[in-house]
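First up is the structure itself, then whatever we jot down about it.
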Amino acid sequence: MPELPEVETVVSDLNQKIKGDTIVDFWSEWPKALKNISLSSFKKTIKNRKILGVRRIGKNIFIDLSGKKTLYIHLKMTGHLLIKEKNNSSAFFKDRVNQYIRHKFFLGKDKIMEFSDVRKFAKIVLDSTEKINNLKEIKALGIDAMSLDFNFKKFDEILNKKPQIKIGILIMDQNVIAGIGNIYRSEILFDAEILPTKKSVDIRTAERKKLFASIKKILKLAIKMRGTSDSDYRDTRGAPGNFQKVLKVYRKDKLPCPKCDGKIERGVLAQRAVFYCVKCQK
DNA sequence: AGTTGTGTTGAAGA
DNA sequence: ATCTTCAACACAAC
């Protein structure tokens with residue numbers, strides 16, 4: 001479930017831990033994850049590149065390398081990056097979810113970035129920075145939900161553009177707003193007291209303002225808590241996040257609503273589970 | 001023990 | 001164009 005808060009946690013960890021390092025070798029047991037390049041050319045291309053910095057758009061991670069190359073990583077459902085150093089081990093690395101190491105990036109003499117991914121859905125692309133930035137899936141991305149440019153005016157315009165769409169689908173559409181996934185859409189809509197099935201045209205200005213505020217508020221809090229580890233997500237130390245401790249509706253169906261005397265219900269929207277309280281959300 | 005559901009996304013089909 | 005279904009894969013829960 002790496003969504004924006006989890007990816008933001010990883011990106012800031014990486015900027016602290018591996019910026020300035022040089023990739024000296026690469027190993028993979030699942031080369032199918034390399035989407036545009038063979039394992040041998042990947043190895044050849046990435047060797048001796050220095051890591052200049054790490055950034056993200058929505059859930060997409062970009063590791064900028066020397067020589068105008070960029071390593072583009074999408075963690076998909078179960079991917080996570082672990083930074084292991086010779087004299088700095090974490091007990092969390094022993095956890096079951098950290099055992100599915102599919103790829104290893106060797107950094108200098110005694111540091112390794114290991115890529116654990118149970119379900120093998122994650123993707124890795126290595127190309128020139130320009131080509132990566134111009135990939136169709138990258139260019140198609142909507143505005144990042146935590147970007148300062150994502151303001152209320154823009155959000156209002158987005159809703160006006162798609163009047164008939166259900167809001168629970170809209171806010172999760174990466175090509176409209178990048179970063180919100182299945183967990184946070186339920187949490188955000190519960191916080192904003194809006195039903196996921198409500199059409200954007202039926203959401204008035206006051207409610208739109210509340211919803212916009214909830215997006216920023218929930219994501220900001222989740223970043224502060226280093227994300228949600230409902231199952232497989234871990235940070236670069238292999239440690240879980242903390243937001244699962246404060247989830248209010250996600251996977252809480254049949255449990256009492258935290259705000260009223262009703263019960264949380266589970267529905268399906270665009271083939272994905274969605275959780276809400278019919279009494280609190282209108 | 002076999003079936004079902006799972007956080008993501010893109011391609012294929014309608 | 002826009003929507004729905006399915007596939008990529010492995011595992012836990014039922």
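Across all strands shown, A:A122 has no heavy atoms under 4.0 Å from either base or sugar-phosphate atoms. Nucleic acid contact class of A:E3 (heavy atoms, under 4.0 Å, all strands): sugar-phosphate only. Counting any heavy atom pair closer than 4.0 Å across all strands shown, A:R266 reaches sugar-phosphate atoms only and no base atom. Residue contacts for A:Y184: at a heavy-atom cut-off of 4.0 Å it reaches no nucleic acid atom on any strand shown. Backbone-only engagement by A:Y100 is indicated by non-hydrogen atom pairs under 4.0 Å involving sugar-phosphate atoms exclusively. Contact annotation for A:D230: base contact, defined as any heavy-atom pair under 4.0 Å involving a base atom.
With ring centers used as reference points, A:F105 lies 6.0 Å or more from A:F115. Two rings, from A:F275 and A:F190, have their centers 6.0 Å or more apart.
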Report the C-alpha distance between A:K123 and A:E137 in whole Å, list the side-chain angles of each, state the deciding distance to 0.1 Å, and finish with yes or no for salt bridge (Lys or Arg N to Asp or Glu O under 4.0 Å). CA-CA 12 Å; A:K123 77 171 172 184; A:E137 67 264 39; 2.9 Å; yes
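In this structure, A:D232 places its CG atom 10 Å from P of C:dC11, rounding to the nearest Å. The distance from atom CD1 of A:I171 to atom C1' of B:dT8 is 16 Å, rounded to the nearest whole Å. Rounded to whole angstrom, the span from the CD1 atom of A:I61 across to the P atom of B:dT8 amounts to 14 Å. Look at NZ on A:K166: it is 11 Å from C1' on C:dC3, rounded to the nearest Å. Separating the OH atom of A:Y72 from the C1' atom of B:dG10 is a distance of 11 Å, rounded to the nearest angstrom. As a whole-Å value, the separation of A:K32 NZ from B:dG10 P is 17 Å. Distance, A:K120 NZ to B:dT8 C1': 18 Å, rounded to whole Å. Note: CG (A:L75) to C1' (B:dG10) measures 17 Å, nearest angstrom.
Comparing the P positions of C:dA7 and B:dT3 gives a spacing of 16 Å, expressed to the nearest Å. Here, B:dG5 and C:dT5 have their P atoms 14 Å apart, quoted to the whole Å. Spacing of P atoms, B:dA11 relative to C:dC9, comes out at 16 Å, to the nearest Å.
The shortest distance between the side-chain N/O atoms of A:K123 and the OP1/OP2 oxygens of B:dT8 is not below 4.0 Å. Look at A:H74 and you won't find any side-chain N or O under 4.0 angstrom from OP1 or OP2 of B:dT8. Listed pair A:K59 / B:dT9 meets the phosphate criterion, a side-chain N or O lying under 4.0 Å from OP1 or OP2.
Using a 3.5 Å distance cut-off with no hydrogens or angles, the side chains of A:D232 and A:T78 do not pair a donor with an acceptor. With 3.5 Å as the limit, one finds a donor-acceptor pair spanning the side chains of A:K17 and A:T236.
Take the nearest nucleotide of DNA chain C for A:A270 and for A:F121: the residue whose nucleotide is more 5' is A:A270. Mapping A:K136 and A:M77 onto DNA chain B by nearest heavy atom places A:M77 closer to the 5' end of the strand. Along DNA chain C, the nucleotide closest to A:W30 and the one closest to A:R96 are compared, and the more 5′ of them pairs with A:W30. Comparing A:T78 and A:N175 along DNA chain B, the residue whose closest nucleotide (by nearest heavy atom) sits nearer the 5' end is A:T78.
Minimum atom distance to the side chain of A:V118 is reached by C:dA10, of the listed B:dG10, C:dA10, B:dT8. Of the candidates C:dT4, B:dT8, B:dT6, B:dT8 carries the atom nearest the A:R272 side chain, counting heavy atoms from C-beta on.
The base of B:dT8 does not come close enough to the side chain of A:R119 for any donor and acceptor atom to sit less than 3.5 Å apart.
Shown here for A:R102 and A:V118, the closest heavy-atom pair between the two residues is NH2-O, 2.9 Å.
Nucleotide C:dC9: unpaired (no Watson-Crick or G-U wobble partner with both distances less than 3.5 Å).
Ring geometry, A:F212 versus A:F152: the interplanar angle exceeds 60°, so the pair is classed perpendicular (tilted spans 30 to 60°).
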